[in-house]
Amino acid sequence: MDAPYVPKWELFACVCSSEYPAEELIEYATDLPSGRNVLLVLRQDKDIENRIGSAYLSMMVRFNDHINKYKKRSMEMLMFLYSDHEIGRNARAVKLDNNKFILFSDSKILFDRFADAKKVKKLRKIKVVPGFESDDLIR
């Protein structure tokens, strides 16, 4: 019997601000090579903060089981965060405030590279834990 899949859980998330315009933050995050890692710039919203862990867990399980819808892990995670199975077409439609947004990554190097390049001020750290309500997990 195979051991159950457990994703790595070294995640970095902060509520942040930057002097750069929101569109530039999103564009830079999208264009920054991330490989198998995730880097997301998200609208600051308590509901989103509470769902980051579940979205990450669901995305990792889907990639492990080869049932992912998107090739990029960040796009798969956005699908869970925004409950939109067509997020690929609507990713830029999400309004972001450059004075208060969430920066998330599963790579400290990627997180710090983005933060340094875009002069990000970390306002508050977010504790990322998975929720186990049925609405939070894989659909």
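These figures come from a predicted structure and were not determined experimentally.
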Novice: For residues K108 and F12, report the shortest heavy-atom separation together with the two atoms involved.
Specialist: N-CE1, 3.3 Å
Novice: On the ring face of F63, is R73 found with NZ or CZ under 6.0 Å from the centre and within 45° of the axis?
Specialist: yes
Novice: Using the six-membered ring of Y20, assess whether NZ or CZ of K119 lies under 6.0 Å from its centre and within 45 degrees of the ring axis.
Specialist: no
Novice: Does the side chain of F111 reach to within under 4.5 Å of the side chain of C14, using non-hydrogen atoms?
Specialist: yes
Novice: So L123 and S17, do their side chains get closer than 4.5 Å, heavy atoms only?
Specialist: yes
Novice: Are the side chain of E76 and the backbone of M59 linked by a donor-acceptor contact shorter than 3.5 Å?
Specialist: no
Novice: Give a yes or no answer on whether the side chain of D106 reaches the backbone of L11 with a donor-acceptor pair at less than 3.5 Å.
Specialist: no
Novice: Following the transitive rule for hydrophobic clusters with a side-chain heavy-atom cut-off under 4.5 Å over Ile, Leu, Val, Met, Phe, Trp and Tyr, establish whether V129 and V15 coincide in one cluster.
Specialist: no
Novice: Out of curiosity, M77 CE to L57 CG, how far, rounded to the nearest 0.5 Å?
Specialist: 10.5 Å
Novice: Considering all heavy atoms of both residues, which atom of A29 and which atom of V41 are nearest to each other, and what is their separation?
Specialist: CB-CG2, 3.6 Å
Novice: Could you go step by step and tell me if V128 and Y56 meet the side-chain contact (heavy atoms from CB on, under 4.5 Å) rule?
Specialist: CA-CA 9 Å; V128 181; Y56 182 79; 5.6 Å; no
Novice: About how many Å separate CG of L103 and NZ of K121, when rounded to the nearest 0.5 Å?
Specialist: 15.0 Å
Novice: Measure the CG-CD1 distance between L96 and I26 for me, rounded to the nearest 0.5 Å.
Specialist: 4.5 Å
Novice: CG/L32 to CD/E27 distance, rounded to the nearest 0.5 angstrom?
Specialist: 12.0 Å
Novice: Please evaluate residues I52 and L42 with respect to the criterion side-chain contact (heavy atoms from CB on, under 4.5 Å), reporting the C-alpha separation (whole Å), side-chain torsions for both, the decisive distance (0.1 Å), and the verdict.
Specialist: CA-CA 10 Å; I52 291 173; L42 305 165; 4.3 Å; yes
Novice: Looking at every non-hydrogen atom in both residues, tell me the closest pair between A22 and N98 and how far apart they are.
Specialist: N-CB, 4.0 Å
Novice: Shortest non-hydrogen contact from A117 to Y28?
Specialist: CB-OH, 3.3 Å
Novice: Search all heavy atoms of S18 against all heavy atoms of F101 and return the closest pair with its distance.
Specialist: N-CE2, 3.8 Å
Novice: With side-chain contact (heavy atoms from CB on, under 4.5 Å) as the test, would you mind laying out the steps for K118 and E24 before giving the verdict?
Specialist: CA-CA 9 Å; K118 294 301 168 188; E24 191 173 327; 2.9 Å; yes
Novice: Assess whether a salt bridge exists between E49 and R43, defined as any Lys/Arg side-chain N lying under 4.0 Å from an Asp/Glu carboxylate O.
Specialist: no
Novice: Is there a donor-acceptor pair closer than 3.5 Å between any side-chain N or O of Q44 and the backbone N or O of D97?
Specialist: no
Novice: Side chain of R62, backbone of I67: donor and acceptor closer than 3.5 Å?
Specialist: yes
Novice: Looking at V38, is its backbone amide N or carbonyl O close enough to the side chain of S105 to form a donor-acceptor pair, meaning the two atoms are under 3.5 Å apart?
Specialist: yes
Novice: For the residue pair I102 and I126, establish whether any side-chain heavy-atom pair is separated by less than 4.5 Å.
Specialist: yes
Novice: Closer than 3.5 angstrom, by distance alone: can the side chain of N64 be matched with the main-chain N or O of M60 as a donor-acceptor pair?
Specialist: no
Novice: Can you name the closest pair of heavy atoms from L110 and P33 and give their distance?
Specialist: CD1-O, 3.7 Å
Novice: Are any of the side-chain heavy atoms of Y70 and L78 separated by less than 4.5 Å?
Specialist: no
